[in-house]
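Quick notes on the structure that follows.
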Amino acid sequence: MGRSYRIPLPALAASAFVLVTLAIAMVFFVAPNDADQGFSQRIFYFHVSIAITAYACFAGGAWKAFRHLTRRDPRYDLESYVAVHQGVILGVLVLLTGSIWAKISWGHWWLWSEDQLVLFLVLFLFYCAYFMLRFSVDPGPQRANLSAVYALFGVVLIPVSFAAIRLAKNLIHPVVFTLQGPRFGGWILVTYCVAQAAMLVLAYTLYRVELAGKLLDSRLRELREVLA
Amino acid sequence: MTYARDVVALARKDLLLELRARDTLPAMLLFVVSTFVVFHFAVGSSPSRLAANGLLWVAIVFTALLGLGRAFVPEREQRTLDGLVLAPVDRSTIWVAKSIAALAFLGAAEVVALPVYGLFFHRLSGSAVAGVVLADVGICAVGAFLGAIAVATRARDLLMPLLFLPLAIPIVVGGVGASVAASPGRYLGFLVLYDALFSVVCWATFEFVVTE
Amino acid sequence: MTTAEKYVTAAYCVVFAVVLAYVLIIALKLTRLEREVDALAGRAGPEAEEEARREPAPVG
């Protein structure tokens, strides 16, 4: 399987805990108030880092799906599924935090002009269909193949949808695109990097825990078949 | 070119079946016209240009869905899919042929639907028609592929719209843009890009959908 | 607390709650697995029991 070295899970969990605590402390006590948005900009640190982590999960899921299609190893199928599962949970968090941010900044819980939010809504629908597909096929090589192919579609859909949402926004109410947003620098940048690292490590830890449970489950099933 | 010959043979089989049984096309036609009538009563007598175009695109997507959901069902029911997979042809020809057949049905439905839309709502511009043609290619390519996925599941027809609609959102954006924007070029370009990208992905991965 | 502070706190609490719920679900699943291992170990002979006990170790 070509897995020479894996970080032990307790070490991962410990570093996730330390990093998340550090990130929260920095967000609330170190990072300065944003010039435009004031205190509410502090949502940004977790909102954006969770979004990036969710993309990483979807990309990882697609990569494992690709490996499954080339190697036909059921383990890759499981890894792909767990990565996508993580991505969907993080995607829900992006929608929730983004919605709260929209409420503070613009007074509405939902804004169609927010690219990131709309994109995550589309991806959420897409990956919910992934689960529907997966639960509608009996476990086996066919389910693994169908899931893998659909996960690969996802990674093509992300940029295409992003472009589409930009185009649609332009159509419904023309806006000038500027890369506005918080001006990076100093403590804002440091806090963001810590939050991003915290999220990535946390997501990877949870991924490993869920994967370990799933692998155990499948081994248990094999054992039961042997004993029966 | 054996590949092209195989595709033609497979597509011809689907078209012949449709000509004999007449299952899909009348249903699609009736569906699209009744959708227009429902829309008329849902939005009132004079919807804005943008709203009316939106209606057209919703109608096209759902009509296509109606036909595509059925595309692989007969193959499964008659157990001919196994035969097709075992045939000494490249597996992707099955997908290409299904897409072509679906495109023919959708195109035939639109030949009636677009003039009816013009009659009920307002006349379509040339770029809108170009948008419809380009969107049809993407809809049928992705739809035939997802139809093959859906038919392998227990939920079948139920799953098809769930799989298809998130992937159809970019098509709707491109299509509506091509119909109403002052400069439709970039929307048409976007549709071409979508068609090319997803056709390549479908073509490359179809083998895994029908084999184990 | 200003309104902005309340909303920001709410956002971070939501993140925390979701992660907590996720961990809880995983924990419940692991408990179920443990029960199944016990059941299997009880059904199998003593040598298989040893085997079953040894397997969950790398989970951590």
Side-chain angles (χ1 to χ4, degrees), chain A residues 6 8-13 16 20 23-24 27-28 33 37-47 49-50 85-86 89-90 92-105 107 199 202-203 205-206 208-217 219-224 226-228, chain C:
Chain A
R6 320 192 95 202
L9 203 46
L12 261 181
V20 170
I24 290 176
V27 165
F28 283 101
N33 264 350
Q37 297 203 31
F39 193 82
S40 65
Q41 186 260 348
R42 283 167 209 260
I43 289 183
F44 151 89
Y45 298 109
F46 267 42
H47 174 69
S49 49
I50 290 174
H85 189 214
Q86 296 278 317
I89 291 168
L90 292 170
V92 171
L93 281 178
V94 171
L95 288 176
L96 289 174
T97 53
S99 170
I100 292 174
W101 196 6
K103 176 69 182 167
I104 317 173
S105 299
M199 268 306 142
L202 178 68
T205 311
L206 295 178
R208 286 277 300 274
V209 172
E210 188 178 341
L211 189 64
K214 286 262 190 293
L215 283 174
L216 195 61
D217 197 18
R219 279 164 79 188
L220 203 59
R221 202 169 302 141
E222 280 166 21
L223 198 62
R224 204 179 299 139
V226 169
L227 286 174
Chain C
M1 252 180 148
T2 64
T3 329
E5 281 169 350
K6 267 182 208 152
Y7 277 119
V8 172
T9 318
Y12 279 83
C13 286
V14 163
V15 173
F16 181 71
V18 169
V19 173
L20 202 67
Y22 176 80
V23 171
L24 201 73
I25 290 168
I26 298 284
L28 284 176
K29 272 187 185 162
L30 284 178
T31 331
R32 179 182 63 83
L33 282 178
E34 214 163 62
R35 256 206 319 276
E36 281 179 25
V37 170
D38 285 346
L40 265 183
R43 224 171 58 191
E47 66 271 44
E49 185 172 9
E50 197 140 86
E51 173 82 7
R53 270 195 211 292
R54 205 147 44 81
E55 290 223 301
V59 182

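Computed from a predicted model, the values in this text were never measured in an experiment. Throughout, protein chains are lettered first and strands after them, A, B, ... in sequence-line order, and every chain is numbered starting at 1.
- Within the 4.5 angstrom heavy-atom criterion, only side-chain atoms of A/Ile50, from C-beta onward, approach chain C.
- Annotation: side chain to side chain donor-acceptor pair (under 3.5 Å) contacts involving residues 23-32 of chain C, sequence neighbours excluded, comprise C/Arg32-C/Glu36.
- Between C/Leu33 and A/Leu220 the shortest side-chain heavy-atom distance falls below 4.5 Å.
- To the nearest 0.5 angstrom, A/Leu216 atom CG is 9.5 Å from C/Glu34 atom CD.
- Atoms CZ and CZ, from C/Phe16 and A/Phe46 in turn, are 11.5 Å apart once rounded to the nearest 0.5 Å.
- C/Val23 has its side chain within reach of A/Leu206: a pair of non-hydrogen atoms, C-beta onward, lies under 4.5 Å apart.
- In this structure, the separation between CD1 on A/Ile104 and OG1 on C/Thr3 is 9.0 Å, given to the nearest 0.5 Å.
- At a 4.5 Å heavy-atom cutoff, the contact between A/Leu93 and chain C is made by side-chain atoms alone.
- Listed options C/Thr2, C/Val15, C/Thr9, C/Ile26 were ranked by heavy-atom pairs under 4.5 angstrom with chain A; first place goes to C/Val15.
- Here the closest heavy-atom approach between residue A/Ile43 and residue C/Ala11 is recorded as CD1-CB, 3.9 Å.
- Interface remark: A/Val27 contributes side-chain atoms only to the contact with chain C (heavy atom separation under 4.5 Å).
- Here the CZ-CG distance, from A/Arg221 to C/Leu40, works out to 12.0 Å after rounding to the nearest 0.5 Å.
- The structure places OG1 of A/Thr97 at 9.0 Å from OH of C/Tyr12, a figure rounded to the nearest 0.5 Å.
- For C/Tyr22, there are no ring pair (Phe, Tyr, Trp, His ring centres under 6.0 Å) partners two or more places apart in sequence or in a different chain.
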